[in-house]
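Some notes on the structure that comes next.
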Amino acid sequence: DAGITQSPRHKVTETGTPVTLRCHQTENHRYMYWYRQDPGHGLRLIHYSYGVKDTDKGEVSDGYSVSRSKTEDFLLTLESATSSQTSVYFCATAREGITSPLHFGNGTRLTVT
Amino acid sequence: DQQVKQNSPSLSVQEGRISILNCDYTNSMFDYFLWYKKYPAEGPTFLISISSIKDKNEDGRFTVFLNKSAKHLSLHIVPSQPGDSAVYFCAAKRGGSNYKLTFGKGTLLTVNP
């Protein structure tokens, strides 16, 4: 949907290793978001971007960093993965405007062993 | 502090009957509300939305009602179909927040044939 590609789709990694998830969009949307979905918690915002090189924290940002060097790419990095970061990660994009919905990618399932 | 609450984790209805999914919010600054549907192994997809200046919005079989005084919204699906079986997320946003969405925990709807 909205030309959003997340990579990889699945990843298994070991505790303490760095991990980078990529989100690529082809819609030229200004806003991009990273959410995680966990049982009993719904979708929680990790970080978001409101333009190239403009990012800010969400409600569960500890242990994560992001970068956006181009409009189309938004990277989420786990500097040192922990088991609590096992989750499904969703990237979303949005145009300007209060009525514009977020469009989501199909997610990355990350398992930290 | 959960600002968007979906108190029913699951709901089961018969095909052809009405499904009513409920959502409550606590932040009076929210001025736009959305419902998303999510199938397993896919990202959430936008379903329907409503502005805080309205009390009803209809799109085909889907109608969203907003009661601002009670800080409550509901999604009605009539008639329900087996293909509607999915997790439904309520979400809210406010102007000036970089269009971030705050989600509820979701309600799993099962429509039985």
Side-chain angles (χ1 to χ4, degrees), chain A residues 1-7 9-10 21 23 25 27 29-51 54-61 66 68 74 87-109, chain B residues 1-10 21 23-27 29-54 57 59 62 64 66 86-108:
Chain A
D1 190 11
I4 300 171
T5 304
Q6 291 187 234
S7 58
R9 290 297 313 277
H10 299 89
L21 308 183
C23 178
Q25 59 137 334
E27 298 296 315
H29 286 173
R30 175 183 173 185
Y31 297 90
M32 298 186 76
Y33 310 82
W34 278 107
Y35 284 84
R36 60 178 288 177
Q37 184 193 9
D38 304 287
H41 291 279
L43 290 151
R44 294 180 293 174
L45 181 64
I46 306 170
H47 281 280
Y48 65 98
S49 169
Y50 46 97
D54 292 322
T55 65
D56 205 348
K57 297 178 180 180
E59 60 182 305
V60 289
S61 59
V66 290
R68 191 167 179 204
F74 193 32
S87 186
V88 181
Y89 292 85
F90 289 101
C91 174
T93 71
R95 294 193 318 265
E96 194 93 33
I98 187 71
T99 62
S100 297
L102 268 62
H103 300 276
F104 285 83
N106 282 326
T108 293
R109 180 172 294 277
Chain B
D1 179 31
Q2 197 181 353
Q3 299 185 65
V4 178
K5 301 177 184 179
Q6 294 178 257
N7 292 320
S8 297
S10 63
L21 296 95
C23 177
D24 298 293
Y25 62 96
T26 58
N27 189 339
M29 298 298 290
F30 287 142
D31 51 13
Y32 203 74
F33 303 90
L34 305 89
W35 284 94
Y36 281 80
K37 178 169 70 174
K38 186 184 180 304
Y39 293 119
E42 295 183 9
T45 56
F46 169 68
L47 192 56
I48 192 169
S49 60
I50 188 167
S51 166
S52 61
I53 62 173
K54 295 187 175 182
N57 188 28
D59 184 2
F62 303 91
V64 56
L66 175 62
V87 176
Y88 289 78
F89 290 101
C90 173
K93 59 177 169 175
R94 58 182 178 88
S97 67
N98 285 316
Y99 312 117
K100 296 176 291 182
L101 283 182
T102 300
F103 284 85
K105 293 183 179 181
T107 297
L108 173 63

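It should be emphasised that the depicted structure is a prediction, and the values quoted were computed from it without experimental measurement. All values below were derived from every heavy atom in this structure, side-chain atoms included, with hydrogens, water molecules and symmetry-related copies excluded. Numbers restart at 1 for each chain; the letters A, B, ... are given by sequence-line order, proteins then strands.
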I'd like to know which of A:Ser49, A:Pro39, A:Gly97 tops the heavy-atom pair count under 4.5 Å against chain B.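 That would be A:Gly97.
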> Counting heavy-atom pairs under 4.5 Å to chain B, which of A:Gly107, A:Gly40, A:Cys91 comes out on top?
Replying inline: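 Highest number of pairs under 4.5 Å: A:Gly40.
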Please flag which part of [X] lies under 4.5 Å from any non-hydrogen atom of chain A: side chain, backbone, both or neither.
X	result
B:Ala41	backbone
B:Tyr32	side chain
B:Leu34	side chain

Toward chain B, the part of A:Glu96 with a non-hydrogen atom under 4.5 Å: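 Both parts, heavy atoms under 4.5 Å.
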*Please state whether the side chain, the backbone, both or neither of A:Leu45 comes within less than 4.5 Å of a heavy atom of chain B.*
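Side chain only.
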**Report entry** B:Phe103 ring center near B:Tyr36 ring center (under 6.0 Å)
**Finding:**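 Yes, ring centres under 6.0 Å apart.
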Counting only heavy atoms not in A:Arg30, do more than 12 fall under 6.0 Å of its CZ?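 Buried by this count: over 12 neighbours within 6.0 Å.
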Exercise for the section: State whether the number of non-hydrogen atoms from other residues, nucleotides or ligands found under 6.0 Å of A:Arg44 atom CZ is greater than 12. Expected result: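 Result for CZ/A:Arg44: enclosed.
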So A:Thr55 and A:Tyr48, do their side chains get closer than 4.5 Å, heavy atoms only?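 Result no, sub-4.5 Å side-chain heavy-atom pair not found.
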If the plane angle is over 60° it's perpendicular, under 30° parallel, otherwise tilted; pick one for A:Phe104 and A:Tyr35.
->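 The arrangement is tilted - the two ring planes meet at 30° to 60°.
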When B:Ser51, B:Gly43, B:Gly106, B:Pro9 are compared by non-hydrogen pairs under 4.5 Å with chain A, the top option: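 The answer is B:Gly43.
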Review point. About how many Å separate CG of A:Asp38 and OH of A:Tyr89, when rounded to the nearest 0.5 Å?
Key: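 Output value for this atom pair is 7.5 Å.
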